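See structure below.
All values below were derived from every heavy atom in this structure, side-chain atoms included, with hydrogens, water molecules and symmetry-related copies excluded. Note that the structure is a prediction, hence the values are computed from the model and not measured. The chain is numbered in sequence order, starting from 1.
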Amino acid sequence: MPTYKLMYFPVRGRGEIIRLAFAAAGQTFEDELVSMEDWPSLKPKVPTGQIPVLEVDGKQLSQSLAIARYLAREFDLSGQGNLEQCLVDQVVDTAADTFTQFYEYYKIHDQETDKDKKEDLKKKFVTESIPKFARIFTTFMENSGGKNGYFVGSKLTLADLACHDIFTTLIHLNSDALKDFPKLAANRQQVEENENMKLYLTKRPESSI
């Protein structure tokens, strides 16, 4: 069995999908939390100058989704056959798109000093962007043929983990983000009832992003 070490900041961000894959598989790994103070000295030592980086028996792997998909294949979280794998990938990629749009909003909102403008930015994201992506995820779920409340197939895959992760971020922004999307709410509950996931989520430090 390989040894794994993940290097990422002490937030969920783009590294959490990797942690969730390990958690779902019940696989141990070293979670090296990189502080902002230590980051400048580490940055030249990783291939792209960015993290997350996963070391597998000392070999460095970059790009969060490439790493997550590698682990999904290793841990039987990627779907059965090429079609199911594509159905999983479309959810994972859309979750990444959602995070990118959220982060663009987050940076602008954080830099805005006018209180009314900050509220307008938040209202627009909550009322327009979140429902837009929730509708896309719902369509994926309805069209993929998943069973037992899962996106793809009849068991947990990286698609379920990716959707759970991005909506953890969105629910921090709007606690009612899934109010009008019962299938996504049920899928979220399904993920949280998985024994391995339950164990991880109850111990995970709180993080809004």
Side-chain angles (χ1 to χ4, degrees), residues 12-14 16-21 23-26 65 68-69 72 75-81 83-106 109 119-209:
R12 287 184 298 108
R14 296 194 184 277
E16 189 66 9
I17 187 64
I18 299 168
R19 295 185 183 118
L20 292 177
L65 296 188
R69 289 183 174 113
F75 302 150
D76 193 24
L77 295 168
S78 62
Q80 303 299 309
L83 179 57
E84 281 198 2
Q85 288 175 13
C86 185
L87 293 171
V88 169
D89 284 346
Q90 68 180 359
V91 177
V92 173
D93 288 344
T94 301
D97 291 343
T98 309
F99 182 82
T100 296
Q101 189 163 323
F102 165 80
Y103 193 62
E104 289 171 355
Y105 149 79
Y106 181 84
H109 183 269
E119 286 300 312
D120 287 343
L121 285 168
K122 179 177 179 179
K123 182 178 180 181
K124 181 178 176 65
F125 191 84
V126 166
T127 60
E128 296 181 13
S129 297
I130 294 178
K132 177 188 75 173
F133 283 110
R135 285 191 290 270
I136 293 171
F137 284 116
T138 298
T139 299
F140 285 155
M141 177 169 281
E142 291 173 345
N143 292 346
S144 69
K147 300 175 182 178
N148 304 329
Y150 295 114
F151 267 94
V152 180
S154 57
K155 61 182 181 180
L156 192 71
T157 67
L158 198 64
D160 306 294
L161 302 180
C163 187
H164 186 280
D165 185 38
I166 189 57
F167 273 97
T168 297
T169 298
L170 301 181
I171 287 169
H172 271 99
L173 192 64
N174 174 27
S175 59
D176 290 330
L178 292 178
K179 180 181 178 181
D180 297 326
F181 301 94
K183 292 181 180 179
L184 298 185
N187 174 259
R188 184 175 182 81
Q189 183 176 351
Q190 185 86 332
V191 171
E192 293 175 355
E193 288 176 352
N194 176 279
E195 288 302 318
N196 286 340
M197 291 300 299
K198 187 185 300 183
L199 181 64
Y200 174 74
L201 294 173
T202 55
K203 296 180 177 180
R204 179 174 69 179
E206 187 70 16
S207 172
S208 62
I209 60 173

Subject >> Donor-acceptor contact below 3.5 Å, side chain Gln190 vs main chain Tyr150 >> reply: no
Subject >> Exam field: side chain Asn194 to backbone Asn196, donor-acceptor pair closer than 3.5 Å >> reply: yes
Original post:
Is the number of heavy atoms from other residues, nucleotides or ligands within 6.0 Å of NZ (Lys198) greater than 12?
Top reply: yes
**OP:** Please name the residue in the list Leu158, Leu161, Leu77, Asp93 that meets the side chain to side chain contact (heavy atoms under 4.5 Å, CB included) test with Val88.
**Re:** Leu158
Original post:
Would you say the side-chain atoms of Glu206 and His172 include a donor-acceptor pair closer than 3.5 Å?
Top reply: yes
Subject >> Summary of salt bridge (Lys or Arg N to Asp or Glu O under 4.0 Å) pairs that have at least one residue in residues 157-179, sequence neighbours excluded >> reply: Arg12-Asp165
Donor-acceptor pairs are to be reported for all side-chain atoms of residues 130-141 against protein atoms at under 3.5 Å, with residues two or more places apart or in another chain.
residue	atom	partner	partner atom	Å
Lys132	NZ	Gln101	OE1	3.4
Thr138	OG1	Ala134	O	2.9
Thr139	OG1	Arg135	O	3.0

How close do [X] and [Y] get, counting heavy atoms only, and between which atoms?
| X | Y | result |
| --- | --- | --- |
| Arg204 | Thr168 | NH2-CG2, 3.9 Å |
| Phe99 | Gly13 | CZ-CA, 3.9 Å |
| Leu201 | Glu192 | CD1-CG, 3.8 Å |

Original post:
Is there side-chain contact between Tyr200 and Arg19, with heavy atoms separated by less than 4.5 Å?
Top reply: yes
**OP:** Answer yes or no: is there a side-chain heavy-atom contact under 4.5 Å between Thr157 and Glu84?
**Re:** no
**OP:** On the 0 to 90° scale, with breaks at 30° and 60°, tag the Tyr106-Phe102 ring pair as parallel, tilted or perpendicular.
**Re:** tilted
Rounded to the nearest 0.5 Å, how far apart are [atom1] of [X] and [atom2] of [Y]?
| X | Y | atom1 | atom2 | value |
| --- | --- | --- | --- | --- |
| Ile17 | Leu65 | CD1 | CG | 8.0 Å |
| Asn174 | Ser129 | CG | OG | 12.0 Å |
| Thr100 | Ile166 | OG1 | CD1 | 8.5 Å |
| Phe125 | Glu128 | CZ | CD | 10.5 Å |
| Gln80 | Gln85 | CD | CD | 8.0 Å |

Original post:
Does the pair Lys123/Glu119 count as a salt bridge with the N-to-O cut at 4.0 Å?
Top reply: no
